[in-house]
Amino acid sequence: MKKIMIDLDETIVSGGYIEALNNYLGTNYKVGDIKEYYISDILPPEENDKYLDYFYENVNVYDNCHIIPHALEVIEELKDYYDIYICSAFFDKRKPESSIIMTRHKYNWILKNMPYINPKKILFTSAKELVMCEIKIDDKVSNLKRGYGETKLLLSQKHNEDFQEDELNSLGIQRVNNWLEIRDILLSEEERK
């Protein structure tokens, strides 16, 4: 059975980070309004540091995140044909000690919303290139371009839209726009429910 590594943030869930920033700033940003990977990077450096302190002390983004359409249903279908691993970065290099709380938030969200995933197959690492698997699904090009993976699927997000198809192709990465496209790539017509 082939192994699939699937990222969590901006691949399965979205929106929690933008909502936290809106609450902090009193703004009304929407998903897609900010192009930076780390949305807090829109703040000046001195404010960014204060925001990150606030964020890691007070926010669980998974309380307010939105599931990306069809993600959970497609992953549940895939589990019958693939060995599924959820793999997510677990710390912020800007605030390594305080950001470790994210591990608990992520783990609890996955257990609650994806009970069909074996807890032993929930991985926390920022070195995703070390994960040995045939298929990788992520929203961050740097997580896909190095290391293992016969099939590397990049889920389109605002922060990765500037990568051109020829550049992605040279890295062995295929862009997908939604989870139904992922399903069509990874499941035959007979396998789809």
Side-chain angles (χ1 to χ4, degrees), residues 5-75 86-114 117 122-126 128 136-145 152-164 168 173 175-182:
M5 179 200 84
I6 306 173
D7 175 49
L8 179 62
D9 297 307
E10 308 310 320
T11 303
I12 297 173
V13 298
S14 182
Y17 291 94
I18 199 93
E19 191 162 318
L21 186 69
N22 281 334
N23 289 339
Y24 181 78
L25 295 175
T27 53
N28 195 27
Y29 289 113
K30 304 224 178 329
V31 172
D33 287 347
I34 299 173
K35 204 169 187 172
E36 284 77 7
Y37 181 75
Y38 295 107
I39 61 167
S40 62
D41 286 350
I42 67 166
L43 300 169
E46 64 281 359
E47 188 63 27
N48 190 313
D49 198 50
K50 288 181 210 168
Y51 171 73
L52 290 174
D53 287 337
Y54 155 82
F55 178 82
Y56 290 119
E57 290 172 17
N58 300 290
V59 177
N60 178 350
V61 293
Y62 302 98
D63 287 341
N64 298 307
C65 67
H66 309 285
I67 297 166
I68 292 176
H70 307 290
L72 295 185
E73 67 194 58
V74 172
I75 294 168
I86 305 301
C87 186
S88 190
F90 72 99
F91 81 102
D92 183 337
K93 62 186 175 191
R94 300 168 297 177
K95 294 280 183 179
E97 289 182 22
S98 54
S99 67
I100 198 71
I101 188 70
M102 294 297 287
T103 306
R104 182 184 318 147
H105 298 326
K106 290 171 187 256
Y107 187 76
N108 288 339
W109 188 93
I110 294 165
L111 289 179
K112 178 182 175 188
N113 292 279
M114 305 174 79
I117 299 295
I122 300 171
L123 310 175
F124 295 106
T125 183
S126 296
K128 293 181 181 182
K136 291 183 175 182
I137 304 170
D138 209 306
D139 66 299
K140 194 172 181 187
V141 172
S142 63
N143 289 335
L144 296 171
K145 70 180 182 180
K152 299 175 181 183
L153 303 177
L154 176 71
L155 187 64
S156 289
Q157 293 292 354
K158 188 73 171 172
H159 61 265
N160 67 38
E161 69 183 5
D162 287 343
F163 286 92
Q164 301 300 312
L168 294 176
I173 298 171
R175 182 182 295 280
V176 289
N177 297 304
N178 58 58
W179 274 92
L180 295 180
E181 286 183 23
I182 293 170

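- Nearest heavy-atom pair, M114 versus L72, reported as atom, atom and distance to 0.1 Å: CG-CD2, 3.7 Å.
- To the nearest 0.5 Å, atom CD1 of residue I42 and atom CG of residue L25 are 6.0 Å apart.
- Two residues are said to be in side-chain contact when any heavy atoms from C-beta on lie closer than 4.5 Å; I173 and F163 fail this criterion.
- The two atoms that bring K136 and K128 nearest to each other are NZ-O, 3.1 Å, heavy atoms only.
- A pairwise comparison of heavy atoms in Y56 and S98 identifies CB-O, 3.7 Å as the closest pair.
- Nearest approach of N177 to S156, heavy atoms of both residues: OD1-OG, 3.1 Å.
- Ion pairing between a basic and an acidic side chain is recognised when a charged N comes within 4.0 Å of a carboxylate O; D92 and R94 show such pairing.
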Report task. Might you work through the side-chain contact (heavy atoms from CB on, under 4.5 Å) test for L111 and Y107, ending with a clear yes or no? Result -> CA-CA 6 Å; L111 289 179; Y107 187 76; 3.2 Å; yes

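- In this structure the side chain of W109 reaches within 4.5 angstrom of the side chain of I12, judged on heavy atoms.
- To the nearest 0.5 Å, the span separating CD on E181 from NE2 on H70 amounts to 11.5 Å.
- L168 places none of its side-chain heavy atoms less than 4.5 Å from the side chain of L144.
- Residue E46 qualifies as enclosed at atom CD: its count of foreign heavy atoms under 6.0 Å is above 12.
- By the 30° and 60° cut-offs, the orientation of the rings of Y24 relative to Y51 is perpendicular.
- The side-chain contact (heavy atoms from CB on, under 4.5 Å) check on E19 picks up N23, N64, H66, with sequence neighbours excluded.
- One distance of note links CG of L153 with CD1 of I182; it measures 6.0 Å at 0.5 Å rounding.
- Rounding to the nearest 0.5 angstrom, the gap separating the CG atom in L21 from the CG atom in D41 is 10.5 Å.
- E10 places no side-chain N or O within donor-acceptor distance of the main-chain N or O of Q157, the cut-off being under 3.5 Å.
- The two residues T11 and W179 come nearest to each other via the heavy atoms O-NE1, 2.8 Å.
- Not one N or O on the side chain of E47 forms a donor-acceptor pair closer than 3.5 Å with the backbone of L43.
- At a threshold of 4.5 Å between non-hydrogen side-chain atoms, the residues P69 and N178 do not count as touching.
- Taking CG of N160 as the reference point, atom CG of D138 lies at 9.5 Å (rounded to 0.5 Å).
- To the nearest 0.5 Å, atoms CZ (F91) and CD1 (I101) are separated by 16.0 Å.
- For D49, the salt bridge (Lys or Arg N to Asp or Glu O under 4.0 Å) partners are K95, not counting sequence neighbours.
- A salt bridge is defined here as a Lys NZ or Arg NE, NH1 or NH2 lying under 4.0 Å from an Asp or Glu carboxylate O, and K140 with D7 fails to meet this definition.
- Residues meeting the side-chain contact (heavy atoms from CB on, under 4.5 Å) test with N58, sequence neighbours left out: Y54.
- With contacts defined as side-chain heavy-atom distances shorter than 4.5 Å, the pair N113/V13 does not qualify.
- Judged by distance alone, the side chains of R104 and N60 never bring a donor and an acceptor atom under 3.5 Å apart.
- Across all their heavy atoms, K106 and S88 have their closest contact at NZ-OG, 2.6 Å.
- Proximity of F55 to V61: side-chain heavy atoms (C-beta onward) are separated by under 4.5 Å at one or more points.
- At a threshold of 4.5 Å between non-hydrogen side-chain atoms, the residues L123 and M5 do not count as touching.
- For D139 and H159, the side-chain atoms include at least one donor-acceptor pair closer than 3.5 Å.
- No donor-acceptor pair closer than 3.5 Å links the side chain of K152 to the backbone N or O of N143.
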**Report entry** Check against side-chain contact (heavy atoms from CB on, under 4.5 Å), L8 and Y62
**Finding:** CA-CA 11 Å; L8 179 62; Y62 302 98; 3.8 Å; yes

Query - D33 vs I18, side-chain contact (heavy atoms from CB on, under 4.5 Å): CA-CA, chis, key distance, verdict - result: CA-CA 9 Å; D33 287 347; I18 199 93; 5.5 Å; no

